[in-house]
Amino acid sequence: MSITKTIEFDQFCKSIMTADRNVRSVTIIDKKGRAVHNISHKKFVQPSIEKWNDIHYMECMFDISMGAKFDNLYGPIRYHHSDKDNFMMFSFPYNKYVTIITSTKKISPIAFATKISNIIINFKQ
């Protein structure tokens with residue numbers, strides 16, 4: 001991966017981290033489900049994301065790619081949200097990648113997804 005792509009990913013992830021104080025981590029994965037960039041807050045105890053790694057990321061990519069088959073019928077996927085026991089997880093398409101965001105449960109999913117969607121739109125331009 002090029003240095004400019006790494007800098008772009010880093011700026012993108014930092015803008016998401018600063019969007020809400022409840023964001024725990026931001027990971028960008030490629031279309032094969034491999035993490036290409038990751039950033040997390042030091043003050044939060046992370047869910048065992050390190051254990052998820054490839055298998056969980058591949059599962060996220062599979063969910064999004066399955067949903068993409070219905071883009072013509074329902075429109076493109078803007079985000080996916082799942083509520084876990086100790087945290088919330090969001091996934092957003094970002095160019096050829098998918099951004100996975102974990103947060104505490106102290107946020108409104110719809111308001112947060114709207115805020116992140118606006119950040120993604122601004123970075124795509």
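In terms of heavy-atom proximity, Met88 sits nearest to Asp83 at CG-OD1, 3.7 Å. Taking every heavy atom of both residues into account, Ser40 and Met17 meet most closely at C-CE, 3.5 Å. What you find for His37 and Cys13 is that their closest heavy atoms are CD2-SG, 3.6 Å. Scanning both residues, Ala19 and Lys115, for their nearest heavy atoms gives O-NZ, 3.1 Å. The nearest pair of heavy atoms linking Thr104 to Arg24 is CG2-NE, 3.9 Å. Pairing each heavy atom of Glu8 with each of Asn95, the nearest pair is OE2-ND2, 4.3 Å.
The main-chain N or O of Thr6 is never found under 3.5 Å from a side-chain atom of Asp10 such that the two would form a donor-acceptor pair.
Summarising the geometry, atom OG1 belonging to Thr114 is positioned 11.5 Å from atom CD1 belonging to Ile119; distances are rounded to the nearest 0.5 Å. Interatomic distance, Thr27 OG1 to Met89 CE, rounded to the nearest 0.5 Å: 10.0 Å. Taking CZ from Phe87 and OG1 from Thr102, the interatomic distance works out to 6.5 Å, rounded to the nearest 0.5 Å. Note that NE2 of His81 and OH of Tyr79 are 7.5 Å apart. Values are rounded to the nearest 0.5 Å. Summarising the geometry, atom CD1 belonging to Ile16 is positioned 11.5 Å from atom CD1 belonging to Ile100; distances are rounded to the nearest 0.5 Å.
Using modelled atom types and a 3.5 Å distance limit, the side chains of Asn22 and Ser103 yield no donor-acceptor pair.
Classification of the Tyr97-Phe9 ring pair by plane angle, with boundaries at 30° and 60°, yields perpendicular. Between Tyr94 and Phe123, the angle of the ring planes goes over 60°, which puts this pair in the perpendicular group of the 30/60° scheme.
When side chains are defined from C-beta on, Val26 counts as touching Thr99, because their heavy atoms get closer than 4.5 Å.
A side-chain contact (heavy atoms from CB on, under 4.5 Å) with Asp20 is found for one member of Ile101, Ile107, Ile116 and no other, namely Ile107.
In the displayed structure, Lys105 atom NZ is contacted under 6.0 Å by more than 12 heavy atoms of other residues, nucleotides or ligands.
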